[in-house]
Every structure is written in structure tokens, then in C-alpha cells.
Amino acid sequence: MELRQLRYFVRTAELESITKAAESLHTSQPSMSRQLAALSREVGAALLQRSSTGVSLTSAGREFWHGAEAILRLIDELPGRARQAAVGTVSVRVGIPSGLPKAWFADAIDQLKVAEPHIALALTEATTDRQRLQLQHGELDIALIHVPAPEAAHRELLTQPYGVAVPPSSPLATADSVTLDVLSDGRWLTHSAPGRADDTHLRETADAHGITVDWELYSFTESLALVAAATDVAGAVLTRESSVSRLRGWAWIPLRDMDISGRRLAVRTWAAWRSPFSPAAQVVLRTLSKTVFDQSDADRPYRPATRTHL
């Protein structure tokens with residue numbers, strides 16, 4: 001088994017196309033196909049299955065992909081780890097979710113640099129579900145996730161209230177707060193897709209309140225504003241941090257409802273870890289735990305500054 005075969009396989013799985021993967025890795029499609037076929041023979045199981053739209057992973061392929069990706073990531077990290085060891089630094093691998101409060105995390109990083117300059121953070125941005133897998137496979141030291149992980153030790157770190165983001169023309173744009181019943185009018189963007197861990201409790205809470213919402217499910221990325229424009233939604237349900245960074249020019253108003261557990265409807269972030277838990281990782285966890293999060297700012301309505309024309 002060769003490293004290039006693993007790279008070919010992982011890239012093909014990411015792009016769901018042998019042709020696109022070959023182009024991105026600057027090799028020919030026939031050559032890549034031969035190497036992928038040789039890899040499947042060596043493994044003793046079909047790793048990819050073809051369809052009219054490209055290729056997808058088989059059940060054996062999904063399991064193999066997790067290991068192959070971990071191996072390639074480790075190989076890519078090794079030179080940096082060696083350089084860190086040469087100067088006496090220790091790397092701690094931390095997973096971060098989209099929408100993590102930047103000011104809070106930057107404060108934690110600054111504290112680490114001052115108190116523990118020998119610790120270097122290796123950050124990986126990934127969803128809650130993806131981070132839990134990475135933690136189980138030993139690819140992360142600490143996962144910052146949006147649900148408690150029963151398979152690992154965990155600690156709640158911070159809470160970001162939900163709110164609605166709306167364009168300036170919306171009648172809700174000047175409100176100081178709203179409740180879930182406003183979502184019964186129009187279509188609303190919310191993060192992820194059915195069955196994903198991150199935000200299903202938002203939809204469960206609306207159902208428990210007897211509120212029918214026309215949800216537009218989407219994995220929030222930097223293209224969220226384009227998606228909002230293309231789908232003609234009334235707004236999006238998300239945190240203030242995500243709204244300000246991804247829906248520039250839109251207002252954000254906090255939701256005041258309780259979730260199905262009786263707590264404020266919010267995105268909560270836990271730190272999760274597994275044994276063995278290194279001393280350096282323990283220091284990072286303590287730093288994250290003691291870093292103060294400005295809850296009042298996360299709950300304050302946001303209205304973009306209006307431009308004045310001279």
C-alpha cells in the first residue's frame with residue numbers, strides 16, 4: 001500500500017469524482033483509476049461504487065476513509081511536530097466548530113501564549129459529528145462540540161443564545177427581542193440537516209411549542225448570504241456571532257424562548273476529551289474553562305450601521 005494511493009482515495013472521496021480528483025492532484029484519470037483498483041484489491045473489499053453522478057464510498061470505504069485521512073493528516077503534521085520538539089514546544093490538537101466566538105477563543109489563545117509559551121495549538125474546524133469521530137480515532141486531543149458526548153469526558157464551556165437574523169427591510173429588524181411564534185410566517189434558514197447533532201434541538205423546540213416552521217436546512221458556511229438571497233427566506237435562526245460574520249448588513253434579534261429541557265434556547269459548546277489526556281491538553285482545557293465569555297454581548301440585538309450620503 002502506497003501513500004499516493006491513500007491520497008488518491010481520500011481526494012476521490014472528497015470530490016466524489018475520479019476525474020476531478022485526478023485533475024486536482026495533477027495526474028491522469030486512467031492512472032488514478034488503476035491505483036484505486038489496486039488499493040481495493042489489496043484491502044480485499046470494494047471501497048468505491050460508481051453512479052451516474054460520480055462515485056461514492058461503500059460501507060468498507062467509509063471505514064477505510066477515516067483511517068486513511070488520519071494517516072495522511074499525521075504525515076502532514078509530522079514535520080511541524082518535529083520542529084516544535086526541536087525548540088521544546090508541545091502541540092495540542094483542538095477541534096473548533098463553525099460559529100465559535102472569535103473574541104473568546106482569541107482571549108484563551110493570548111492567555112496560553114503568555115502563561116504557557118511552549119504549547120502550540122493545532123486547530124481543525126469541523127462539525128460536531130465529525131469532531132466526535134476524530135476524537136474517537138485519536139485525531140484530536142480536545143473537541144469543542146455542540147452536544148455533550150457520552151462516549152467521552154466533557155464539560156460545558158459557554159452558551160450563545162439563539163436569535164433571528166433578518167434583512168433591514170424586515171418588520172422584525174427594529175425589535176429588541178422575539179419569540180418562536182414569529183417563525184410561523186415565511187421560510188427560515190437553520191443550520192445543518194435532519195439527524196445532525198448541532199441544531200436539531202431548535203427544530204424539536206419549535207415542534208414542542210406547536211409552531212409549524214417552513215425550515216430551509218443548510219450547513220452554514222461563508223456563502224450563507226448568497227443562499228439566503230437565492231432561497232428568498234424571511235431570515236435565519238442562528239447566534240449573534242454567526243449572523244454578524246456571515247450575514248453582513250442584516251439585523252440580529254435574540255429569541256427569548258426556553259428549549260424542551262427548560263433552559264434558554266441557545267447553542268451550547270462543550271469541551272470533550274478522552275484518555276490518555278496529556279498534561280499540555282489539560283492546561284489548554286483549564287485555560288478554556290476559565291476564559292470569560294461575554295454573555296451580555298452575545299444576547300444584545302445587533303443592527304448594522306446605516307450609511308449617510310453627503
Side-chain angles (χ1 to χ4, degrees), residues 1-83 91 93-100 122-140 143 189 191-196 198 216-231 242 245-246 248:
M1 189 177 301
E2 301 178 14
L3 283 177
R4 65 169 176 168
Q5 292 175 326
L6 297 184
R7 293 193 186 278
Y8 288 175
F9 171 73
V10 169
R11 192 58 175 159
T12 299
E14 291 172 346
L15 298 179
E16 298 181 332
S17 168
I18 295 176
T19 301
K20 291 179 181 178
E23 291 174 352
S24 70
L25 295 176
H26 308 292
T27 189
S28 68
Q29 188 269 334
S31 175
M32 177 169 283
S33 294
R34 286 193 297 271
Q35 292 299 325
L36 292 173
L39 181 62
S40 288
R41 286 195 300 272
E42 184 169 356
V43 172
L47 303 177
L48 298 166
Q49 55 191 3
R50 295 180 182 272
S51 69
S52 58
T53 57
V55 295
S56 60
L57 293 172
T58 63
S59 56
R62 281 191 294 272
E63 183 63 28
F64 190 80
W65 177 79
H66 290 306
E69 188 188 42
I71 289 170
L72 293 176
R73 184 183 297 111
L74 178 60
I75 289 171
D76 291 340
E77 291 174 354
L78 280 176
R81 290 189 180 189
R83 288 192 293 271
S91 178
R93 301 163 299 170
V94 180
I96 56 175
S98 174
L100 191 71
L123 304 181
T124 299
E125 185 172 0
T127 65
T128 288
D129 292 336
R130 180 65 189 138
Q131 284 192 58
R132 289 175 70 177
L133 283 174
Q134 290 176 313
L135 194 63
Q136 290 179 45
H137 287 103
E139 300 167 27
L140 290 176
L189 275 167
H191 178 66
S192 197
R196 293 290 183 88
D198 293 54
E216 178 73 24
L217 304 176
Y218 182 74
S219 181
F220 288 174
T221 65
E222 296 304 319
S223 61
L224 180 59
L226 296 177
V227 174
T231 52
S242 292
S245 64
R246 292 179 175 157
R248 294 180 178 86

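Since this is a predicted model, take the numbers as computed values, not measurements. What you see below is based on every heavy atom in this structure, not just the backbone, and it leaves out hydrogens, waters and symmetry mates.
- At least one side-chain heavy atom of Val55 sits under 4.5 Å from a side-chain heavy atom of Ile18.
- Between the side chains of Thr19 and Ser17, no donor-acceptor pair is found at a separation under 3.5 Å.
- Ring orientation note: the planes of Phe9 and Phe64 are nearly perpendicular, at an angle over 60° on the 30°/60° scale.
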Kindly indicate, with the supporting measurements, whether the criterion side chain to side chain contact (heavy atoms under 4.5 Å, CB included) is fulfilled by Val94 and Leu140.
-> CA-CA 6 Å; Val94 180; Leu140 290 176; over 6 Å; no
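- Between Arg7 and Leu72 the shortest side-chain heavy-atom distance falls below 4.5 Å.
- Atom CG of residue Leu226 and atom OG1 of residue Thr231 lie 10.5 Å apart, to the nearest 0.5 angstrom.
- Residue Leu15 comes nearest to Ser24 through the heavy atom pair CD1-OG, 3.8 Å, listed as atom of the first residue, atom of the second, then distance.
- Two residues are said to be in side-chain contact when any heavy atoms from C-beta on lie closer than 4.5 Å; Tyr8 and Leu39 fail this criterion.
- Sparse packing is recorded around CD of Glu63, with 12 or fewer heavy atoms of other residues, nucleotides or ligands lying under 6.0 Å away.
- Rounded to the nearest 0.5 Å, atoms CG (Leu189) and CG (Leu224) are 6.0 Å apart.
- Annotation: the span from Met32 atom CE to Arg4 atom CZ amounts to 10.0 Å, rounded to 0.5 Å.
- Annotation: the span from Leu47 atom CG to Ser59 atom OG amounts to 10.0 Å, rounded to 0.5 Å.
- The shortest non-hydrogen separation linking Ala45 to Ala60 is CB-CB, 4.0 Å.
- Looking at heavy atoms from C-beta onward, Leu100 lies out of side-chain contact with Glu125 at the 4.5 angstrom threshold.
- The minimum heavy-atom distance between Gln131 and Pro97, with the atom names listed, is NE2-N, 3.5 Å.
- In this structure, Gln134 and Arg93 have side chains that are not in contact, with every pair of non-hydrogen atoms separated by 4.5 Å or more.
- The shortest heavy-atom contact between Met1 and Glu42 is N-OE2, 2.8 Å.
- Arg246 and Ser98 share a side-chain donor-acceptor pair at under 3.5 Å.
- Annotation for Ala46 and Thr58: closest pair O-OG1, 2.6 Å, computed over non-hydrogen atoms.
- Distance alone, capped at 3.5 Å, places no donor-acceptor pair between the Gln29 side chain and the Ala22 backbone.
- Salt bridge status for Arg11 with Glu14: present, with a side-chain N to carboxylate O gap under 4.0 Å.
- Contact check for Leu57 versus Leu48: side-chain heavy atoms found under the 4.5 Å cut-off.
- When all heavy atoms are compared, the tightest approach of Ser31 to Ser28 is CB-OG, 3.1 Å.
- A heavy-atom distance below 4.5 Å is not found between the side chains of Leu133 and Glu139.
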